[in-house]
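Here is the structure we will look at.
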2 protein chains.
Amino acid sequence: MASIKEVARAAGVSTATVSRVLANSPHVRPALRERVLKAIKELEYRPNLIARSLRAQQTTTIGLIVSDIRNPFFTAISRAVEDSAYEEGYSLIVCNTDEDPKKESIYLNVMRDANVAGVILSPTGPTAAGLRELETGFAVVVIDRSIPDADVDMVLLDNVDSAYRLTRHLLENGYRRIAAICGERSTTGRERCTGYEQALRAYGLLPSAELVRFVPPQIEAGYAAALRLLELPEPPEALLTTNSLLAAGALEAIHERGLRIPDDVALVTFDETTWASLVQPPITLIEQPTYEIGKTATELLLQRVAEPERATRRVILKGRLLVRGSSAPRVHCG
Amino acid sequence: MASIKEVARAAGVSTATVSRVLANSPHVRPALRERVLKAIKELEYRPNLIARSLRAQQTTTIGLIVSDIRNPFFTAISRAVEDSAYEEGYSLIVCNTDEDPKKESIYLNVMRDANVAGVILSPTGPTAAGLRELETGFAVVVIDRSIPDADVDMVLLDNVDSAYRLTRHLLENGYRRIAAICGERSTTGRERCTGYEQALRAYGLLPSAELVRFVPPQIEAGYAAALRLLELPEPPEALLTTNSLLAAGALEAIHERGLRIPDDVALVTFDETTWASLVQPPITLIEQPTYEIGKTATELLLQRVAEPERATRRVILKGRLLVRGSSAPRVHCG
DNA sequence: TTGAAAGCGCTAACAG
DNA sequence: CTGTTAGCGCTTTCAA
């Protein structure tokens, strides 16, 4: 717990010189530098980051606010962000909003109080208030969900196109009556729904309101929505869900109804998970480049920290379609 | 970004008085208190936590160092810790060691540099060095894995007994040749192995070295170990794995070999996950009280922060056996 | 090239 | 009950 003062005394120099050595300032005589370095080593000195932060009015901590850490997508993101952040000497504070705007706003304040350098955020629903907050504080990068009209750095998936390709794959395999269970209150769910509808139209099909459900992006909601769809007088031949939690719920419903995949109903979704390839049949899905998303977001954030006035950018990454058994070509039996 | 000085000026008092109001000190005249409160509100003043930390030589941040955030067990733990920490006004820094002692020691230093109040840690392998570190810094609570002989607060599962019950359940259902795939380099894997062996002995069976594998607690290792076990001249009738990652790998191997569960081979494990009840048949397992573990660990930590000299305690929680299809009573066919 | 000194925002001892 | 003051550990003018 030696302080810079003790190092200075041990090396017979002023604290300013120690500070200069620490900062790798070129204006220090080599001899002095050596002495200081030696003292640092002998005293096992480590700079007090708190003091440094107070002085600099800025920490080397960044925040990550996700909407649901139980969602493997966000777990993967946090891995990536953590990796990249620590590589750059930053620590990571992680928070979880449970899709609750109130919690989001609380955590945004926590971040402000913690004097973080910046925040990576998957905004929950109406982040208008939050956004205003953002503008008066730290650097921000938005991930996963876009905030329309906001002048903020973003890293997003090409949601419309991914959903289009996923739906087209079903269509190509002979499925026609395709239902979609979409996460509500986020641009992501809406965009994926758009891609789904575009694909249907491209195949001359009319999207049916009955087959599109917007629900909270969680297992229970996916389960309930799927159950209701499967109980329709004319049930869908395929189910598309917009995240892995919804897919898990849908799968549960399919099991409960005693249906077989894909013979009775196909299932496709977004996001690779441990289980998607473990269930029988394995699930066809759009894999997001999670690591790259997290890494890119961190890079954008630290760039903005370094240069607050640079133009904002919006990075769109492509999803990858992984075709597996849950959407095998349809065997017509009607 | 108003500071305490500006509040003091606005209220026509000294910064000390503002500080006292902030600390809820009783020695402030109500009239003054009112004025200060008003100024605080008007200026939207929020205390600078950095300055406070520098002064107090201690932050209101705690660290969580887990060995693998991809392990849903640790994801659940981090949820719980985060919840409890924020309830008490603490922030959470999360790190991930990937079971790498080097990363662990780096992150322990990060924690020290960040002046955290304390750290919750699932120690990786030989944390002797780490432990010494610990003793000279912040409060520590160890979770999931015990450090023998260490005088540290711990929150653990009753591993031996849980594994005993899990194994006994298999034995009661008619399985005899039971293999175990255990996480290596942690007391957890070893203790669970002990419970497994005790159960075998209680049933008059001799544990066979051939059927016990210690491997890195990850999917790939679980896959490889299971594959080798299933290729044995006399393959096991049941597989027990000591965490969900190993189970996922084992399941993959079972699928690849085209075996049916439980007819060809049963599978039981530790840790509830999304997928364990989603695969067919669902997996029998010991569920850990993850939320309680995280909550208890946080409580112990904050208690120790408040009272560093209190006697250390070791909290042992019970696992819950969830019986599902993957270990259904054995149909003898020999 | 180096050092003295001020000050980041806060709290707590001490005086009054 | 309230204000003055010193100082937490660091960086950065400003002078020398």
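Being a predicted model, the structure only gives us computed values, none of them experimental. Throughout, a chain's letter reflects where its sequence line sits, starting with A, and its residues are numbered from 1.
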Using a cut-off of 4.0 Å on non-hydrogen atoms, how would the nucleic acid contact of B:Val18 be classed: base, sugar-phosphate, or nothing?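 The answer is nothing, as B:Val18 stays clear of every strand by at least 4.0 Å.
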
Sugar-phosphate, base or nothing in reach of A:Thr17, heavy atoms under 4.0 Å: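 Contact class for A:Thr17: sugar-phosphate only.
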
Return yes if a side-chain donor-acceptor contact under 3.5 Å exists between [X] and [Y], otherwise no.
X: A:Asn96; Y: A:Tyr107; value: no
X: B:Asp68; Y: B:Gln218; value: no
X: B:Gln57; Y: B:Asn115; value: no
X: B:Thr17; Y: B:Arg33; value: no
X: A:Thr75; Y: B:Thr75; value: no

Earliest and latest nucleotide of DNA chain D, 5' to 3', sitting under 4.0 Å from a non-hydrogen atom of chain B? D:dC1 to D:dG9

Report the distance from atom [atom1] of [X] to atom [atom2] of [N], rounded to the nearest whole Å.
X: B:Leu22; N: C:dC10; atom1: CG; atom2: P; value: 8 Å
X: A:Ile4; N: C:dA4; atom1: CD1; atom2: C1'; value: 14 Å
X: A:Ile50; N: C:dC10; atom1: CD1; atom2: P; value: 14 Å
X: B:Arg55; N: C:dC10; atom1: CZ; atom2: P; value: 13 Å
X: A:Lys5; N: C:dA6; atom1: NZ; atom2: C1'; value: 14 Å

Just by modelled atom types, is the B:Ser3 backbone N or O under 3.5 Å from a matching donor or acceptor in the B:Glu6 side chain?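 Yes.
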
A:Asn243 side chain vs A:Leu245 backbone, donor-acceptor pair below 3.5 Å: yes

Mind listing the side-chain donor-acceptor pairs of residues 304-315 of chain B below 3.5 Å, one per line with the distance, residues two or more places apart or on another chain?
residue	atom	partner	partner atom	Å
B:Arg304	NE	B:Asp153	OD2	2.5
B:Arg304	NH1	B:Pro308	O	2.7
B:Arg304	NH1	B:Arg310	O	3.1
B:Arg304	NH2	B:Asp153	OD2	3.2
B:Arg304	NH2	B:Arg310	O	2.9
B:Arg304	NH2	B:Ala311	O	3.3
B:Arg310	NH1	B:Gln303	OE1	3.4
B:Arg310	NH2	B:Gln303	OE1	2.8
B:Thr312	OG1	B:Asp151	OD1	2.7

Go through residues 28-48 of chain B and report each residue with a non-hydrogen atom lying under 4.0 Å from DNA chain D, sorted by number. B:Val28, B:Arg29, B:Leu32

5' priority, DNA chain D, between B:Ala51 and B:Arg20 [closest heavy atom]: B:Arg20

Which one, C:dC10, C:dG9, C:dA4, comes nearest to the side chain of A:Ala16?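 Nearest to the side-chain atoms of A:Ala16, counting from C-beta on, is C:dA4.
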
Is there side-chain contact between B:Leu43 and B:Ile40, with at least one heavy-atom pair below 4.5 Å?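 No. Closest side-chain heavy atoms not under 4.5 Å.
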
